[in-house]
Asker: 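Right, I'll just put the structure down here and ask away after.
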Amino acid sequence: MDVFLKLSVLFLLCALICTIVKKAGQEYAMLLCVCCALFAAGVAVNYLSPVIRFLQRLQSVSGVNSVIFAPLLKTAAIGFLTQMTASVCADAGQQAMAKMTELCGSLLALYTALPLAEQLLQVLEEMMHG
């Protein structure tokens, strides 16, 4: 919670500074926003490793195949990257690029989750025939 509050203050300050800097040059404001977002992403990534360790432990304890966990992690990563990239594109005034980023991210997430759907289908087939 403490880290989130600090990041929130950083974001508010960045937004305020960007509003002031935008008058002098749109590109400088955009660069400042991207740098702030990358810094925050770097901080947030540090909190990802305990989640991954937990999921690995959960997988080993449950005996569930990695075919299930890998697509979950990849799909989540695609979602986060899609959201961040689309936001940057929208902030840069590139609405069409932001929408295409969201569309491509959605399609890639579906494709990445396909092994999970195949596992589910296999279980359903076994239940129906066996």
Side-chain angles (χ1 to χ4, degrees):
M1 184 70 169
D2 184 47
V3 172
F4 180 70
L5 289 174
K6 289 177 183 177
L7 287 177
S8 295
V9 169
L10 173 69
F11 294 143
L12 290 173
L13 287 173
C14 182
L16 178 64
I17 293 169
C18 283
T19 302
I20 295 168
V21 171
K22 191 181 276 190
K23 295 175 185 172
Q26 178 85 17
E27 59 277 353
Y28 295 119
M30 183 65 191
L31 181 61
L32 179 61
C33 284
V34 169
C35 288
C36 182
L38 288 175
F39 174 77
V43 171
V45 163
N46 292 327
Y47 293 91
L48 188 59
S49 58
V51 174
I52 291 173
R53 279 195 304 273
F54 170 77
L55 290 174
Q56 288 172 337
R57 187 169 159 233
L58 180 64
Q59 178 188 353
S60 68
V61 168
S62 68
V64 175
N65 193 339
S66 65
V67 171
I68 292 178
F69 282 94
L72 285 175
L73 291 175
K74 289 177 184 178
T75 303
I78 289 169
F80 294 140
L81 289 172
T82 297
Q83 185 177 11
M84 189 172 69
T85 304
S87 294
V88 169
C89 290
D91 287 347
Q94 301 296 321
Q95 298 301 326
M97 188 66 68
K99 291 297 180 187
M100 285 306 296
T101 300
E102 291 170 353
L103 176 65
C104 290
S106 297
L107 291 174
L108 286 172
L110 286 172
Y111 176 77
T112 303
L114 197 56
L116 214 99
E118 289 173 347
Q119 283 288 119
L120 178 62
L121 181 61
Q122 182 180 356
V123 168
L124 289 173
E125 285 176 339
E126 289 174 6
M127 288 174 58
M128 292 174 70
H129 295 108

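Numbers here are sequence positions counted from 1.
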Asker: Output the distance between atom CZ (Phe11) and atom CZ (Phe39), rounded to the nearest 0.5 Å.
Answerer: 9.5 Å
Asker: Should Thr82 and Ser106 count as side-chain neighbours, where that means a heavy-atom distance under 4.5 Å?
Answerer: no
Asker: Kindly compute the distance separating CG (Leu16) from CG (Leu12), expressed to the nearest 0.5 Å.
Answerer: 9.0 Å
Asker: To the closest 0.5 Å, what do you measure between CG (Leu116) and CG (Leu110)?
Answerer: 12.0 Å
Asker: Please examine the side chains of Lys6 and Asp2, heavy atoms only from C-beta on, and report whether any two atoms are closer than 4.5 Å.
Answerer: yes
Asker: Answer whether the closest heavy-atom distance between the side chains of Ser87 and Met84 falls below 4.5 Å.
Answerer: no
Asker: Give the minimum heavy-atom separation between Pro71 and Thr112, together with the two atoms involved.
Answerer: CB-O, 3.3 Å
Asker: Can you give me the closest heavy-atom contact between Ala86 and Ala98, atom names plus distance?
Answerer: O-CB, 3.4 Å
Asker: Looking at CG of Leu73 and CD1 of Ile78, how far apart are the two atoms once the value is rounded to the nearest 0.5 Å?
Answerer: 11.0 Å
Asker: Taking atom CG of Leu124 and atom NE2 of His129, what is their separation to the nearest 0.5 Å?
Answerer: 11.0 Å
Asker: Under a 4.5 Å cut-off applied to non-hydrogen side-chain atoms, are Val123 and Gln119 in contact?
Answerer: no
Asker: Taking the side chain as C-beta and beyond, is there a heavy-atom pair between Val88 and Met30 under 4.5 Å?
Answerer: yes
Asker: If every non-hydrogen atom of Ala90 is compared with every non-hydrogen atom of Gln95, which pair is closest and at what distance?
Answerer: O-NE2, 3.3 Å
Asker: Check for me, please, whether Val51 and Phe54 land in the same ILVMFWY cluster - side-chain distances under 4.5 Å, paths through other members count.
Answerer: yes
Asker: Please round to the nearest 0.5 Å and tell me the distance separating atom OG of Ser8 and atom CG of Leu13.
Answerer: 11.0 Å
Asker: Over all heavy atoms of both residues, which pair between Cys89 and Thr101 is shortest? Give the atoms and the distance, please.
Answerer: SG-OG1, 4.2 Å
Asker: Hey, is the main chain of Arg57 close enough, under 3.5 Å, to the side chain of Ser60 for a donor-acceptor pair?
Answerer: yes
Asker: Taking only residues two or more places apart in sequence or in another chain, which ones pass side chain to side chain donor-acceptor pair (under 3.5 Å) with Asn46?
Answerer: none
Asker: Heavy-atom count check: over 12 atoms from other residues, nucleotides or ligands less than 6.0 Å from Glu118 CD?
Answerer: yes
Asker: Are Leu32 and Leu10 grouped together when hydrophobic residues (ILVMFWY) are joined by side-chain heavy atoms under 4.5 angstrom apart?
Answerer: no
